[in-house]
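Accompanying notes for the structure given below.
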Amino acid sequence: MVTKRFLFTCILILLAGLPILAGCAGSSTGSTTGGLKAGPGVDLNKKTITLGILSPYSGPVAGPVGIPIANGVKAFFYHVNDHGGINGFKVQFIEQDTQYSPQLEVQKYNQIRNQVLMIADSLGTQPTFAIKDLAAADHMLVSAATLSSALAREKYLILVGTPYRLQVENAFDYIVNKLGVKNPDTAIIYQNDDYGQDGLTGYREAVSVYHLHDVAQVSFAVNDTDFTAQVAQLKASGAKYVFMTTLPTATATIIATAYKLGYNPQWILQSPAFSIQLLAVPALKPLISRAWVVSQGAAWGDTSVPGMKQMLEDQAKYFPKQQPDGYFEFGYAESYVTYAILKKAMENGDLTRDGLFRAFESLQSVDMGGLLPPAHYGSTPDQRVPTRDSVIYQVDATQPAGVKPISPDFTGVAASQSHF
C-alpha cells in the first residue's frame, strides 16, 4: 500500500529536480515552438531571423564594392519583409564594418556570432577565409561575396557565381576560340594574396589548354600604391593581352601608369577589378574604356530577364540614391540563394544552423531571376561550384552600369573540364 509519507518523499524529489531540469533547458542552443526548431538568431515569439553582414563600410574598398553589395542584400530582404516575410518571419541584419581587413573580420565575427543564424554577406577572399575555421566550428553558413575557387572545398562557405579561376580560363577561350587569335602574347598582373593566386592558377591552366605565349607573370602587394616597376616589366615583355586580378584602386593606377609609359595592351579585368566609379575619373575614363571585364549575368536595365524589373523597383524604393552598379546587382542576386536556404529549412521545420546546412546541401538548383544563371549545388567540391559560365563585357561609359556585353554567355573548354 502506498503511504502518504512515500508520496510526500516522491514530491520532494521531483521538486528538487526541477531547477536542474530548468537549467538544462536554458543552456540549450535551440528551442522549439509549433514544431519549428530554432537556433541562434531566430526569435520564435517575435518571428524574426537575424543575419549578419561583414563588409567594408569604410576604407578604399567600401564605396566601389562593399556598400553596393550590402545594399543589394538588404534591398532583396526588405522586399521579402514587405511581402509577408518568409512564412511570416521577418529578416533583420546586424552589420559590421570590416574595412576589408582579415583581422577586423575575425573581431567583428566574434562580436556577432551568437546573435545571428548565418552570415548573409562576407566580402573579400582574405577576410572571408580568416573566419572559415570559426564558422565551421560554429556550423555557421557564410554567403561569400568572393568567387575564390577554394570556397568549393569549404562546406560552410557558399560560392555564388563562377569562380575567379574559371573567369580567367573563359577570357582566354574567348580570345583563342571566339576571336580566333592563336598563340597570343599574354601576361597576368595579380594581387599577391589568395584572390590573386586564384587568378594565377586560372591563367596557368589557360596557358596550357589554349597554348598561350606566356610572356610575364607579375605580382604586387595588397598595399602597393606605385606600380611603375610592374608596368615596366609588362611593357618589356611585349604582352598584347594582359589579365588583371586586381581591385579597382589598383586597376586605375596600373592603367594610368601604363598610359604614361606608352603601353596600351588589351586589358582584361577580373570581375572585382572594375567599378563604375572608375568612369567618374575624367582622365581615366578614355583609358579604361578599351578594357574588357569578365563577369556574368544580366546587364543593368535588361528587363527581358524576370528578376531585373523587381530589382530596379526595390532599388528605387529602398536605396533611391544607389546608382546603377553591378555590385548592387550581385548582392541582390546573392540573396536568392540565402532566401532559398531559409525557405527550405523552414519547410523542414528546422531553423537551426545544422538545419540550414542540411537545407543548403539539398537545394540542388536555385533560380536567380535571370540576374545570374541558375545556381546548382551539391555536397562535393565540384558540385559546390554553382556555375562555370562567363560573359565578356566592354567597359562603356554610355551604359547604366558602365559595361556592355560583347560575347554571349558561354563556358569555355578549360572551365568545363576543371576539377576542384
Side-chain angles (χ1 to χ4, degrees), residues 27-30 39-42 50-57 59 61 65-66 69-70 73 93-161 163-165 191-201 222 272 334 337-338 341-342 345 350-363 377-386 419-420:
S27 65
S28 172
T29 57
V42 179
T50 303
L51 307 179
I53 293 179
L54 299 171
S55 187
Y57 289 95
V61 183
V65 184
I69 289 180
V73 172
F93 297 97
I94 296 177
E95 303 172 65
Q96 295 289 337
D97 180 9
T98 67
Q99 299 177 32
Y100 200 69
S101 161
Q103 293 77 21
L104 266 180
E105 175 106 0
V106 170
Q107 177 185 327
K108 300 298 185 179
Y109 174 86
N110 284 327
Q111 286 179 12
I112 68 172
R113 56 186 287 270
N114 294 323
Q115 304 172 59
V116 299
L117 180 59
M118 69 172 283
I119 304 297
D121 176 40
S122 173
L123 177 67
T125 303
Q126 292 286 92
T128 300
F129 273 81
I131 64 167
K132 70 180 181 66
D133 293 337
L134 296 171
D138 291 337
H139 293 200
M140 177 93 76
L141 282 178
V142 178
S143 183
T146 165
L147 299 176
S148 170
S149 300
L151 291 174
R153 298 185 289 276
E154 300 292 334
K155 60 188 290 187
Y156 288 101
L157 302 185
I158 302 169
L159 177 62
V160 181
Y164 299 133
R165 171 179 147 198
Q191 183 171 295
N192 197 10
D193 60 4
D194 287 343
Y195 164 52
Q197 288 297 322
D198 204 25
L200 181 62
T201 298
V222 174
E334 173 187 22
V337 179
T338 303
I341 293 169
L342 295 172
D350 192 350
L351 274 180
T352 64
R353 289 176 182 166
D354 287 336
L356 258 64
F357 178 73
R358 286 189 288 270
F360 170 55
E361 284 208 320
S362 67
L363 282 181
Y377 294 103
S379 57
T380 68
D382 278 357
Q383 292 170 345
R384 287 171 53 84
V385 176
H419 293 288
F420 293 79

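Source: prediction; values computed, not measured.
- For D193, the side chain to side chain contact (heavy atoms under 4.5 Å, CB included) test picks out Q126, Q191, Y195, V222, with sequence neighbours left out.
- Screening L141, L342, V116 against L51 for a side-chain contact (heavy atoms from CB on, under 4.5 Å) leaves a single residue, L342.
- Residues H139 and F357 place their aromatic rings such that the two centres sit no closer than 6.0 Å.
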side-chain hydrogen bond (donor to acceptor under 3.5 Å, both in side chains) evaluation trace for D138 with Y109: CA-CA 11 Å; D138 291 337; Y109 174 86; 2.6 Å; yes

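- A heavy-atom distance below 4.5 Å is found between the side chains of I341 and I158.
- Under the side chain to side chain contact (heavy atoms under 4.5 Å, CB included) criterion, K132 pairs with F129, E154, L157, not counting sequence neighbours.
- The pair R358-D350 meets the salt-bridge criterion, since a charged nitrogen lies less than 4.0 angstrom from a carboxylate oxygen.
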Criterion side-chain hydrogen bond (donor to acceptor under 3.5 Å, both in side chains) on T128 and T146, from CA distance to verdict: CA-CA 8 Å; T128 300; T146 165; over 6 Å; no

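- Listed by chain and number, the residues in a side chain to side chain contact (heavy atoms under 4.5 Å, CB included) with A145 are I69, D121, L123, F330, E334 (sequence neighbours excluded).
- One distance of note links CG of L117 with CE of M140; it measures 8.0 Å at 0.5 Å rounding.
- Not counting sequence neighbours, the partners of T98 by the side chain to side chain contact (heavy atoms under 4.5 Å, CB included) test are L54, P56, E105.
- Residues P272 and V65 have side chains not in contact (no heavy-atom distance under 4.5 Å, counting atoms from C-beta outward).
- If you check the side chains of D198 and S149, you find a donor sitting under 3.5 Å from an acceptor.
- Judged by distance alone, the side chains of Q103 and S101 do bring a donor and an acceptor atom under 3.5 Å apart.
- F360 is linked by a ring pair (Phe, Tyr, Trp, His ring centres under 6.0 Å) to Y377, counting only residues two or more places apart in sequence or in another chain.
- By the ring pair (Phe, Tyr, Trp, His ring centres under 6.0 Å) test, F420 pairs with no residue at all, sequence neighbours left out.
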